[in-house]
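Structure first, then comments.
Positions are given from 1, in the same order as the sequence printed here. Note that these values count all heavy atoms, side chains included, but never hydrogens, waters or copies made by symmetry.
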Amino acid sequence: MSVTPEEKFQTGLMLDLEPVVETELNRHLSMAKEWFPHQYVPWSEGRDFDGPLDGEPWSIEQSKVTPEARESLIVNLLTEDNLPGYHRAIATVFGREGAWGTWVNRWTAEENRHGIALRDYLTVTRAVDPVALERARMHHMEAGYEADHGDSFLHGTAYVSFQELATRVSHRNTGKASGEPVCEQMMARIAADENLHMIFYRNLLGAALEAAPNETMRAITDVVTTFHMPGHSIDGFLRKSVIIANAGIYDLRLHHDDVLVPVLRKWGVFDRTDLSGDGEKAREELSEFLEQLDASATKFETRREERRARQAARQG
């Protein structure tokens, strides 16, 4: 079976970057804090549900979190539930040997902890409908997960550099919007993990940008201009994302200002002098896209403020 030039390039690049992976893995392990999901769950609030134990059925007034946070918590948990698909995708690209494989397994274990904490909290506090949640989990996992850019190392690493930061922002803001102190504390703890994951991937891709600037620049632009969250196949995702955006938990402005721009600035994308050909073309495309996104974010913010003003006038 012949090896394509793209496969040969990717294999060579990953061999060159293996020392970076080892360094970043060791840095991560030195900074990651051990924590326990059960300590963020108010178990004393728990009671039996209807079903074989003949407990109390769920009803919406039992939930203490805000309606907007409830939608976001559901999206966040269902996204975590598809972890087997993400593990397969990243293990296919990174492999299972050496520091690469060690990172994949460590990352998967930490992400799984997030799902445990979220589900236990939501179930015990009756924050969401557990029947609807389980049906949504089944639907989402049956849909599966496929990476948008296949087994491309550069595209995959660029994607998770942004996605981990987007998840951190979403988790943190969901906790703040919940109106529930325990929920906010738990989401802040999960967000801290996501930040460390982002730093690993961001630093790895930064090293790739030094080693192969044009190819990495193209991957960054491809990912940024087609980006969507991994939970986009969740049933009702568009409706939920609109609610989440209107609540200011995660919207275009946050995506532009708090996710894309900081990572791109860290990589020095617009200050580089080592780009040529398609790399330079990709950077120009990225610049144009960011301008359009910035304008769209401003338009969304204006419309949201107008809606809020109208609602306030009606209520007043």
Q: Please check if the distance between the ring centroids of Phe227 and His255 is under 6.0 Å.
A: yes

**Q.** Ring centre gap for Tyr40 and Trp35 strictly below 6.0 Å
**A.** yes

Any side-chain donor paired with an acceptor under 3.5 Å for [X] and [Y]?
X	Y	value
Ser178	Arg70	no
Gln163	His197	no
Asp148	Thr226	no
His139	Glu142	no
Asn76	His171	yes

Charged N to carboxylate O under 4.0 angstrom, [X] versus [Y]?
X	Y	answer
Asp193	Arg168	no
Asp251	Arg304	yes
Glu24	Arg27	yes
Asp278	Arg218	yes
Arg202	Glu164	no
Arg272	Glu210	yes
Glu184	Lys176	no
Glu284	Lys281	no

Check [X] against [Y] and note the closest heavy-atom contact, atom names and distance.
X	Y	answer
Ala117	Val41	O-CG2, 4.3 Å
Ser170	Ser72	OG-OG, 4.1 Å
Ala177	Thr66	O-OG1, 2.8 Å
Pro42	Val182	CD-CG1, 4.2 Å
Val259	Ala166	CG2-CA, 3.8 Å

Donor-acceptor contact present, side-chain [X] to main-chain [Y], <3.5 Å:
X	Y	answer
Thr221	Met217	yes
Tyr159	His228	yes
Gln10	Asp151	yes
Arg113	Phe36	no
Trp58	Val131	no
Asp48	Gly55	no
Thr216	Ala208	yes
Glu291	Leu286	no
Asn112	Thr108	no
Arg307	Asn246	no

Quick one: side chains of residues 89-104, donor-acceptor pairs under 3.5 Å with protein atoms, not counting sequence neighbours, listed by atom name and distance.
{"unit_1": "Thr92", "atom_1": "OG1", "unit_2": "Arg88", "atom_2": "O", "d": "2.6"}
{"unit_1": "Thr102", "atom_1": "OG1", "unit_2": "Gly98", "atom_2": "O", "d": "3.1"}
{"unit_1": "Trp103", "atom_1": "NE1", "unit_2": "Tyr201", "atom_2": "OH", "d": "3.0"}

Q.
How about CZ on Arg135, more than 12 heavy atoms from neighbouring residues, nucleotides or ligands closer than 6.0 Å, or not?
A. no

Q. Does a sphere of radius 6.0 Å around CD in Glu146 hold more than 12 heavy atoms from other residues, nucleotides or ligands, not counting ones at 6.0 Å or beyond?
A. no

Q) Can His155 and Asp222 be said to form a side chain to side chain donor-acceptor pair (under 3.5 Å), step by step? A) CA-CA 8 Å; His155 286 79; Asp222 288 348; 2.9 Å; yes

Please tell me if the side chains of [X] and [Y] come closer than 4.5 Å, counting only heavy atoms from C-beta onward.
X	Y	value
Gln62	Glu56	yes
Ile220	Leu205	yes
Asp294	Arg253	yes
Ile244	Glu68	no
Leu204	Phe153	yes
Val160	Phe200	no
Val65	Thr125	no
Leu53	Phe49	no

Q.
Is the positively charged end of Arg172 above the ring of Tyr250, judged by distance under 6.0 angstrom from the centroid and angle within 45° of the axis?
A. no

Looking at [atom1] of [X] and [atom2] of [Y], how far apart are the two atoms once the value is rounded to the nearest 0.5 Å?
X	Y	atom1	atom2	result
Glu180	Leu73	CD	CG	10.0 Å
Glu111	Tyr86	CD	OH	9.0 Å
Leu83	Tyr145	CG	OH	11.5 Å
Gln185	Gln39	CD	CD	10.0 Å
Leu252	Asp257	CG	CG	10.5 Å
Asn173	Asp258	CG	CG	8.0 Å

Q.
Please evaluate residues Phe270 and Arg265 with respect to the criterion side chain to side chain contact (heavy atoms under 4.5 Å, CB included), reporting the C-alpha separation (whole Å), side-chain torsions for both, the decisive distance (0.1 Å), and the verdict.
A. CA-CA 8 Å; Phe270 294 110; Arg265 186 186 298 121; over 6 Å; no

Q: List the steps and the verdict of side chain to side chain contact (heavy atoms under 4.5 Å, CB included) for Glu71 and Arg239.
A: CA-CA 9 Å; Glu71 297 290 355; Arg239 181 187 64 81; 3.4 Å; yes

Q) Taking only residues two or more places apart in sequence, or in another chain, which ones meet His140 in a ring pair (Phe, Tyr, Trp, His ring centres under 6.0 Å)? A) none

Side-chain heavy atoms nearer than 4.5 Å, only ILVMFWY residues, links allowed to pass through others: does that put [X] and [Y] together?
X	Y	answer
Met138	Leu77	no
Val261	Ile199	no
Leu118	Met141	no

(Q) One pair to check against side chain to side chain contact (heavy atoms under 4.5 Å, CB included): Glu285 and Thr225. What are the steps and the verdict? (A) CA-CA 9 Å; Glu285 292 172 19; Thr225 55; 5.8 Å; no

Q: Begin from the C-alpha positions of Leu260 and Val224 and carry the test side chain to side chain contact (heavy atoms under 4.5 Å, CB included) through to its verdict.
A: CA-CA 8 Å; Leu260 297 182; Val224 169; 3.9 Å; yes

